[in-house]
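Below is one structure, written out as C-alpha cells, with a few remarks after it.
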There are 2 protein chains.
Amino acid sequence: MAQKPSIPKGTRDFLPAEVEKRNYIFNTISTVFKKFGFAPIETPSFENSSTLMGKYGEEGDKLMFQILRSGNYLSKLNEGEVSPMLTNNVLDQLPLEERVNLNKITGKIAEKALRYDLTVPFARFVVQHQNDLSFPFKRYQIQPVWRADRPQHGRYQEFTQCDADVVGSESLLYEVELVQIFDEVLTNLNIPDFSIKINNRKILSGIAEITGQEDKIIDITVAIDKLDKVGEEGVIKELREKEIPEEAIEKIKPLFAMNGDNASIMAEMREMLASSEVGLKGIDELEYVFDMVDAVGLQRAKLEFDVTLARGLNYYTGAIFEVKANGVKMGSICGGGRYDDLTALFGMKDMSGVGISFGADRIYDVLNTLELFPASITKGLSVLFINFGEAEAKHCFKLVSQLRQAGIDAELYPSSAKMKKQMKYANDRGVQHVAMVGSQEIEKGIVQLKNMETGEQQELDINQLIEKLK
Amino acid sequence: MAQKPSIPKGTRDFLPAEVEKRNYIFNTISTVFKKFGFAPIETPSFENSSTLMGKYGEEGDKLMFQILRSGNYLSKLNEGEVSPMLTNNVLDQLPLEERVNLNKITGKIAEKALRYDLTVPFARFVVQHQNDLSFPFKRYQIQPVWRADRPQHGRYQEFTQCDADVVGSESLLYEVELVQIFDEVLTNLNIPDFSIKINNRKILSGIAEITGQEDKIIDITVAIDKLDKVGEEGVIKELREKEIPEEAIEKIKPLFAMNGDNASIMAEMREMLASSEVGLKGIDELEYVFDMVDAVGLQRAKLEFDVTLARGLNYYTGAIFEVKANGVKMGSICGGGRYDDLTALFGMKDMSGVGISFGADRIYDVLNTLELFPASITKGLSVLFINFGEAEAKHCFKLVSQLRQAGIDAELYPSSAKMKKQMKYANDRGVQHVAMVGSQEIEKGIVQLKNMETGEQQELDINQLIEKLK
C-alpha cells in the first residue's frame, strides 16, 4: 500500500508564496550586508563531529544531528553469525543487562554532524583558509542550521540563520556599523517601530567587581532584568533570595534610579563604576558607539542602553546587542555581540570578532502579523493565454514566446479544457491577466486581454500587449 | 591542543568569489524558470527514511546519509550491564561470528535521511499538499542534495540541484517549454555552443518491439551509443557479444544509415517502426516537439534527435533530454524527461510529470574554463576610505554613511594602521577605489579618490563622489 506522505516533526515545506516572502527577507538582509562591505561565504551542511561536538555545552551536543557513516558502514558487518540477543528483534525488547552500550560505538558509526549554528563553522573556516583571507575579514552567511529541539510553536529543527561577522579587528567602528545594519535592514523591511538594546560585558564585569560578587553576576543580571515587572522592592527581594549580601545590594541600588538619555545614564554609570577599571572601559566603549551613532544618525531605530542585557554571558566579551520589534508580542528578532578568540578553539589566537544575527523566522512572523510584505512579491503570473484548440494554441504559443523574450512571464494553458476549468486555474494561480485568442482574433492579429482584478477588457496587438505588461 | 580544522571529504567551503559566481548561475536559472511560470518551493533537508529508502534502488539506499535519532537515542540505553563483546573496544576488533548485525537496528537508531535528490521529495510534496495546489503544478527548486558517493574530481557529497518540473498534465507543450528553458538559460549564461539531445522512451520501446528484444533494450542502446567511436562493425560486434540474434541485428541496421535533419530522420524512423504502435506514438510526440520548437525558434541551442539517449531508462516514459556544451571536455550539463505516475509511490495516481535539471557544478566548471563569468559579479568594494586617525576617521565615517545611503558599498579602514598595510588590504579585497581624506581635505571639503585599476586620481566633493561611484 502507498505510504501516507509526511515530513519529520519540526521541519517545514515551503509553498511558493512562502518561498517568495522568505527570499524577500533574505535579499533585503544580504543587500545591506553587501553595501556595508560584507562578502558571502558558504560552508558544508555537515562538519566533522570533532569540529562541532563540545563547542555548545552538553545541551548542544545532545541537540546535534549526527550522521551515520556514509556508504552504510554497518552493511560491512552483516552476514556473519549474529549475536542472538540483537537479532532477536530489537533494542527495546532486550533486557537491560543485555543491552549494548551503543553510545560507545556512536563515534564509530557517526563521524559527521549537521551544523548547529553558523558561528563555529565560520571560526573553523577562518582558521582553515587564513592564508586566502585578508583581515579584518567581513563575512555574511545565510544558510540553514539544524537542532534536534523538541518542536513547538515557532521553534523548528531546521531554520535559517542570517549572520554577519567581522573577525580580526578590535575596532569599535564595527559595533557602530552593525547598529547601522540593524537599523537599515529593519527600516527597509518597513518594520515601523523597533529598539536596538545595547550593553557591554565589561560593564557587567564592573558591577560584579564593585559589589564583590564576581560569581553571582548572572543572578544579579537576571534579578535586575525584572525591574520593570516587579519594581525596586521585588528586585531587592530576589537579590536577597539569591544570597547577595546587603552591602552589595546597596552598591547595586543606584541602577534602579538611573534614567534619562543614554548620555546621562552613562555619566551615572561612570560614577557608580569609578573604582572598576574594566567597568570604566566598558563605559568608554559604549560612549564611543553612542557618539558615532549620533554623528551619523539612524533611520527608525532607537539605540538604548540596557544593563540587564546578558545573552550568552559566557560568550561575549564586549558589546552585546538585542533587537525588539515594539508593539508585537515576540522575543528578540536579532542579536549579537563581540567575542574574543573564537578561533582559538582551532588554534588561531588573538582574533577578536563581532557579529550579529537576524532571526528570519521571527521577522517573517512580525511582517506577516503587521501585514508588511509588499503585495508585489507574491503577485501571480502576468498573463495566462486560454487554450481554444490545436491551431489557436500554436498561434498563442508564439505570442507567449514573444512576451517571454520581452521579459514578461507568460503561460499558455496546456490543453483545450473547458473554459471554466481554465479560468479556475487562472484564479488559483492568481494570474494578473487572461488573454483570449480565438480564430477571429488570429485573423485580426489581436489579443483580448482581461485584467483579472478590475475585470477590464481590451483589444491589443502584440506590441501594445508587450507595452502594457512590461 | 587545538584541532587542525578540516571538513568532511567530498564537501566544500565556498569563498566569496565562488559564492558570487554560484549565485550568478542560480539567479540566471531561477529568473528563466519564473518567466516560464514556474514557482519556487522548498522542502526540508531531511525526510523520513520511509519516504526516501527503496526509491533509488539498492545503490541509492547505500548512498543515503542517514541521521541518528535526535536527542541521542542511544544515551537512554547506557549504564546497563554491557555485553563485554562490544565494550571491549570496538566493532573492528570483534571476530566476525560475534559481530552484531547492526543493520537490523539501523531503523531503530536512524529514522531520517538527508535527501538524495529533489524529485522524490517533490512527489511527496505534491501528494501531501495536493489540496493547496492547482494542477498542472509547475514548480522549481534549487536546493542542495547529499550522496555518500566516493569523492572524486567533480563529484561531491553535497551539491546543489536546480530542477523544474510540471506535474499533472500530459501536454507536450511542456516538453517544448523545457527545451526553450535550456536554450534561454544557457544562452543567458553566454555558453557559445551547446546541443540539446532529445529522444523518446517510446521509440526505444518500439525498437525493442520490432526486434523482439524487449528484455535487451539496454544492451542494444548501450551498443548503438558507441556508433561514433567504433563504427557500424564495432556496434554489430558488441550486439553479437550480447547475444542479440542476427535477425534482430538486421532490423537495427537501418539506424546506422540515418542522417540528415531531424525531419528526415523522423521519416526514416517512422518507416522502420511502422509495425510498432508505441514506436509510432514516440515519433508523433517527437515530431510535435520539433514542429513547435521550429515555430518559435531557439537562440543558440541545436535540438538534435539522439536515439542512443537512454538516461534513467527505467524511469522515463516519454521524452528524454540531455544537454552538452560543445568544445568542452565535460559530460552532460543538464538532463531531464517525462515520467508517469511518480506520485503513485505516495498513493496519487495518473499524475504525469516532466522535468529538467541543471547541473550547476558542471556549468560552473564550463563557465570557469571558458572564462565566461562576467567581471562585474566579482567586482570588489566600490570604495575604501583610508584611516588617518581618530578625527579623520569620524569625518570619513560620516562620508561612508552618506555613500551607503546613496546605495554605494563603502568601507572605512578600521584603524589608523600604516599606509602600506591599509593599501595591502585594499588590494587583497580588490577594492575599486581608495579615498584619502586628511586634515587638508577636511578643511577643503573634498576627497582624494584614486582609481585602483587606472591609478587615476581626482579631487571630488561628496556630491561629485556619489555621482562618480553610482
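Letters go in sequence order (proteins before strands), and every chain restarts at 1.
- A heavy-atom distance below 4.5 Å is found between the side chains of A:E42 and B:V19.
- The parts of B:R404 that come within reach of chain A are both its backbone and its side chain, each placing non-hydrogen atoms under 4.5 angstrom from that chain.
- The part of A:Y174 that comes within reach of chain B is its side chain, from C-beta onward, which places non-hydrogen atoms under 4.5 angstrom from that chain.
- Rounding to the nearest 0.5 Å places CD of B:E47 at 7.0 Å from OG1 of A:T11.
- The distance from atom NZ of A:K421 to atom CZ of B:F135, rounded to the nearest 0.5 Å, is 11.0 Å.
- Among B:A17, B:G37, B:P121, the residue with the largest count of heavy-atom pairs under 4.5 Å with chain A is B:G37.
- Taking NE2 of B:H129 as the start and CG of A:D13 as the end, the distance is 3.5 Å to the nearest 0.5 Å.
- Interface residue B:I408: only backbone heavy atoms are found under 4.5 Å from chain A.
- For B:Y140, no part lies under 4.5 angstrom from a heavy atom of chain A.
- Looking only at heavy-atom pairs under 4.5 Å with chain A, the residue among B:P40, B:A39, B:S134 that has the most is B:P40.
- Side-chain contact check for A:E177 versus B:L412: every heavy-atom pair is 4.5 Å or farther apart.
- Highest contact tally toward chain A, considering only B:E184, B:R150, B:K34, B:R22, is held by B:K34 [criterion: heavy-atom pairs under 4.5 Å].
- Rounding to the nearest 0.5 Å places CZ of A:F65 at 4.5 Å from NZ of B:K112.
- Using a 4.5 Å heavy-atom cutoff, the side chains of B:R124 and A:I7 are in contact.
- Taking NZ of B:K35 as the start and CG of A:L381 as the end, the distance is 12.5 Å to the nearest 0.5 Å.
- For chain A, the option among B:S415, B:S45, B:S401 with the highest count of heavy-atom pairs below 4.5 Å is B:S45.
- The residue among A:D291, A:N23, A:V431, A:V400 with the most heavy atom pairs within less than 4.5 Å of chain B is A:D291.
- Ranking B:E18, B:K424, B:E20 against chain A, the residue ahead of the rest is B:E20, based on heavy-atom pairs under 4.5 Å.
- With a 4.5 Å cut-off on non-hydrogen atoms, B:L172 does not touch chain A at all.
- Separating the CG atom in A:L114 from the CD1 atom in B:I67 is a distance of 5.0 Å, to the nearest 0.5 Å.
- Contacts of B:Q402 with chain A are absent, with no heavy-atom separation under 4.5 Å from either backbone or side chain.
- Of the listed residues (B:S171, B:A295, B:P136), the one with the most heavy-atom contacts under 4.5 Å to chain A is B:P136.
- Only the side chain of B:E158 has a heavy atom closer than 4.5 Å to any heavy atom of chain A.
- Of the two parts of A:L133, only the side chain, counted from C-beta on, holds a non-hydrogen atom closer than 4.5 Å to a non-hydrogen atom of chain B.
- Across all their heavy atoms, A:F125 and B:F14 have their closest contact at CE1-O, 4.0 Å.
- Salt bridge present: A:E411 and B:K138 bring a charged side-chain N and a carboxylate O closer than 4.0 Å.
- Heavy-atom contacts from other residues, nucleotides or ligands closer than 6.0 Å to CD of A:Q299 number more than 12.
- For the set A:N48, A:D428, A:T43, A:L173, the entry with the most heavy-atom pairs within less than 4.5 Å of chain B is A:N48.
- Residue B:S6 touches chain A through both its backbone and its side chain, counting heavy-atom pairs closer than 4.5 Å.
- Residues B:P16 and A:R139 fail the side-chain proximity criterion, which asks for heavy atoms closer than 4.5 Å.
- For A:S169, the part sitting under 4.5 Å from any heavy atom of chain B is the side chain, from C-beta outward, and nothing else.
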